[in-house]
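Atom set for the values below is all heavy atoms of this structure, side chains included, hydrogens, waters and symmetry mates excluded.
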Amino acid sequence: MYLYDMPLSFTMALAQQPKSAEQFRNMSEAQKAEVVTQATRIKSKKEMWSFVTKIGQNLG
């Protein structure tokens with residue numbers, strides 16, 4: 001998975017949420033592809049922030 005494959009708003013939200021970024025890094029390539037597909041459907045900053053926050057809450 002390359003940065004240019006991901007929506008800018010998604011990568012910016014990940015950069016501001018280290019737990020979410022760590023969780024994303026630890027996903028399989030298939031999981032990452034699914035998350036990026038979901039992220040491309042998100043149109044607002046608030047929704048993207050919530051989406052990325054949920055990724056970080058899955059740690060544990």
Side-chain angles (χ1 to χ4, degrees):
M1 182 74 42
Y2 298 101
L3 278 176
Y4 58 79
D5 294 329
M6 296 183 257
L8 181 59
S9 59
F10 177 69
T11 57
M12 291 179 71
L14 276 179
Q16 295 175 30
Q17 298 186 50
K19 288 182 182 179
S20 298
E22 178 184 348
Q23 180 70 8
F24 184 75
R25 275 193 306 275
N26 291 329
M27 291 179 181
S28 69
E29 289 302 312
Q31 289 171 315
K32 288 178 184 177
E34 177 58 30
V35 167
V36 170
T37 298
Q38 291 175 25
T40 60
R41 297 182 188 128
I42 296 171
K43 301 301 179 200
S44 78
K45 182 178 179 178
K46 184 177 179 179
E47 284 179 278
M48 185 62 77
W49 188 263
S50 177
F51 178 72
V52 171
T53 298
K54 288 178 186 173
I55 293 170
Q57 292 171 347
N58 290 330
L59 281 174

### Query
Which value, rounded to the nearest 0.5 Å, describes the distance between Met48 atom CE and Ile42 atom CD1?
4.5 Å
### Query
Counting distance only, does the side-chain N/O of Gln31 pair as donor-acceptor with the main-chain N or O of Ser28 below 3.5 Å?
yes
### Message
Between Lys32 and Glu29, does any side-chain N to carboxylate O distance fall below 4.0 Å?
### Response
yes
### Task
Starting at OG of Ser44, measure out to CZ of Phe51 and round the result to the nearest 0.5 Å.
12.5 Å
### Separation between CD1 of Ile55 and CD of Gln23, rounded to the nearest 0.5 Å
8.0 Å
### Query
So, for Lys43 and Glu47, which heavy atoms are closest and what is the spacing to 0.1 Å?
N-OE1, 4.1 Å
### Task
Fit a plane to each ring of Phe24 and Phe10, take the angle between them on a 0 to 90° scale, and name the class: parallel (under 30°), tilted (30 to 60°) or perpendicular (over 60°).
perpendicular
### Query
What is the distance from atom CE of Met6 to atom OG1 of Thr37, rounded to the nearest 0.5 Å?
12.0 Å
### Message
With a 3.5 Å distance limit and no angle check, can you tell me whether Ser50 reaches the backbone of Lys46 through a side-chain donor-acceptor pair?
### Response
no
### Query
Of all residues at least two apart in sequence or in a different chain, which pass the side chain to side chain contact (heavy atoms under 4.5 Å, CB included) check with Met12?
Leu8
### From OG (Ser20) to CD (Gln57), nearest 0.5 Å
7.5 Å
